Amino acid sequence: MGGCCTLRRVSGSWRLVSGVCSAFKAAGFGTKARHQRQPQGSSKWLGTPGKQPFPGLLRPEYLSREELVDVLRASVVDQKGPLVTLNKPQGLPVTGKPGELTLLSVLPELSQSLGLGERELQIVQASEKESSGLVLLSSCPQTASRLQKFFTHSRRAQRPIATYWAVTDGIPTTSEGKIQAALKLEHIDGVSLVVPVKSPSRKDILEGVKRTLSYFRVVATGSGCALVQLQPLTVFPSQLQVHMVLQLCPMLGDHKYSTCVGTVLGQRFLLPAESIKPQRQVLDEALIRCLHLTPSQVAQLPLHLHLHCLHLPGARPRDSPVELVAPLPPYFSRTLQCLGLRQQ
């Protein structure tokens, strides 16, 4: 099919090379993504910095299909050949039930809006609903399939391809390291929760328990919080949120798992996830003041987890890897400023 590329194994790694996909090569997909375009006339549903505590926060549930397509079109950070990269707003679900407004549900309209004609986009890589950041789309099924195989191979080889930024309530005891945990998805009182499993048996693994792994690095600290770089080596729902909870440092805006961390006399400890019901995150009064929030506004605090960077192979075997970058949402940048956290 025109506009597709071949994926070959070179020196033990997978590379996208020229051949069938002249479009991918012509795209030169080997430079940093351009800065995100600003939405045109979108102040109706995008917060304005300085006028609310969470500037730039999108409320997808209040958008029409046409408005959501406009937002996503304005969120394109790179479009070359068959590949389109978006900076997904926090709170937008990637998939959902029939009839729900999701990224997947508006891909036909988005494809038309971007001038792709009959070449409908499909999802290659995406951040979860509650996180913001990069979404990689492709209008070529072969390209999408081969990139997904590249991602799978990279994870098996323990080569990180995705880098997230997170702000945590609390500072990890070590500045960098890896987090390993066996996780399973359970339905507790009608709520789906990811819970850790100690010393999983072979039966547990067969029944859906998965061993997960993430790398982390503390980039900056301030006001009892940390800016943390996270690189998952496995894929599991809410993996990064649960991994930081296991470090006793839940992410800001984590209203689902943060209650698993208890505090007695200033010392944090882990509570069993099975006994906890998701509820509004509880923050210290000093931290709430640093964030310039009211207690009622804390309940609306968005999850501070952003898929910042993706690394893809170059178009040819000798090309340098491609780095795609998504700018931080305005509310995330505001939080960094309030806490005195600086990106390095």
Side-chain angles (χ1 to χ4, degrees), residues 1-10 13-34 36-37 68-69 71-89 92-96 102-129 131-156 159-163 232 235 307-317 319-326:
M1 180 180 294
C4 297
C5 54
T6 56
L7 189 70
R8 298 178 185 169
R9 196 172 185 180
V10 180
S13 62
W14 292 96
R15 297 282 186 175
L16 284 163
V17 298
S18 57
V20 184
C21 182
S22 57
F24 191 90
K25 178 179 177 182
F29 212 68
T31 58
K32 276 192 177 182
R34 63 180 180 275
Q36 181 180 5
R37 297 200 299 268
L68 179 56
V69 171
V71 169
L72 293 175
R73 188 172 186 274
S75 299
V76 173
V77 293
D78 197 88
Q79 183 176 358
K80 293 188 178 76
L83 297 181
V84 175
T85 309
L86 304 178
N87 190 1
K88 185 185 81 68
L92 175 63
V94 177
T95 61
T102 65
L103 172 64
L104 183 63
S105 72
V106 298
L107 283 185
E109 293 99 316
L110 181 61
S111 302
Q112 291 291 330
S113 178
L114 294 175
L116 297 175
E118 299 299 319
R119 295 176 295 141
E120 187 173 314
L121 291 165
Q122 58 182 290
I123 299 169
V124 181
Q125 178 90 357
S127 51
E128 294 184 72
K129 173 185 175 181
S131 58
S132 59
L134 288 169
V135 170
L136 185 61
L137 308 171
S138 175
S139 60
C140 170
Q142 285 91 332
T143 300
S145 175
R146 292 177 180 113
L147 277 174
Q148 287 166 346
K149 290 178 181 178
F150 165 77
F151 294 148
T152 300
H153 180 83
S154 297
R155 286 191 291 268
R156 288 175 179 170
R159 289 196 303 269
I161 54 174
T163 299
V235 177
L307 178 47
H308 176 65
C309 180
L310 279 175
H311 286 93
L312 302 180
R316 293 169 297 191
D319 289 350
S320 300
V322 180
E323 184 181 68
L324 295 173
V325 175

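Just so it is clear, the structure is predicted and the values come from calculations on it, not from any experiment.
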Verify side chain to side chain contact (heavy atoms under 4.5 Å, CB included) between Thr85 and Leu137, making sure each step is shown before the conclusion. CA-CA 6 Å; Thr85 309; Leu137 308 171; over 6 Å; no
So, Thr152 side chain and Gln148 main chain: donor-acceptor pair closer than 3.5 Å or not? yes
State the CD-OG distance between Gln122 and Ser138, to the nearest 0.5 angstrom. 6.0 Å
Before giving the answer on side chain to side chain contact (heavy atoms under 4.5 Å, CB included), spell out for Leu68 and Leu92 the whole-Å C-alpha distance, their side-chain angles and the decisive distance to 0.1 Å. CA-CA 10 Å; Leu68 179 56; Leu92 175 63; 4.0 Å; yes
Gap separating the OG atom of Ser113 from the CG atom of Leu107, nearest 0.5 angstrom: 12.0 Å
What closest approach, in Å, do Leu110 and Arg73 show between heavy atoms, and which atom pair accounts for it? CD1-N, 4.0 Å
Side chain Gln112, main chain Gly117, donor-acceptor under 3.5 Å: yes
Supply the atom-to-atom distance Leu307 CG to Ser132 OG, rounded to the nearest 0.5 angstrom. 8.5 Å
Applying side chain to side chain contact (heavy atoms under 4.5 Å, CB included) to Leu134 and Val325, what does each step give before you reach the verdict? CA-CA 7 Å; Leu134 288 169; Val325 175; 5.9 Å; no
Thr102 and Gly96: which non-hydrogen atoms are nearest, and at how many Å? CG2-N, 3.7 Å
Taking every non-hydrogen atom, the tightest pair across Ile161 and Phe150: CG2-CE2, 4.2 Å
Between atom CG of Leu86 and atom CG of Leu72, what is the distance when rounded to the nearest 0.5 Å? 6.0 Å
Can you tell me if His308 uses its side chain to pair, donor with acceptor, with the backbone of Ala326 under 3.5 Å? yes
Would a distance-only check, ignoring hydrogens and angles, find a side-chain to backbone donor-acceptor pair under 3.5 Å from Ser111 to Leu121? yes
Rounded to the nearest 0.5 Å, what's the gap from NZ on Lys88 to NZ on Lys129? Could you check? 9.0 Å
Determine yes or no for a side-chain-to-main-chain donor-acceptor pair under 3.5 angstrom, with Ser145 supplying the side chain and Pro141 the backbone. no
May I ask you to test the Thr163-Leu310 pair for a side-chain heavy-atom distance under 4.5 Å? no
Restricting to non-hydrogen atoms, name the atom on Gln125 and the atom on Phe151 that form the minimum distance, rounded to 0.1 Å. OE1-CD1, 3.5 Å
Do Val84 and Asp78 make a side-chain contact, defined as non-hydrogen atoms from C-beta onward lying under 4.5 Å apart? no
Shortest non-hydrogen contact from Val94 toward Ala126: CG2-CB, 3.9 Å
Shortest non-hydrogen contact between Asn87 and Gly133, atoms and distance: OD1-CA, 3.4 Å
Roughly how far, to the nearest 0.5 Å, is the CG atom of Leu103 from the CD1 atom of Ile123? 4.5 Å
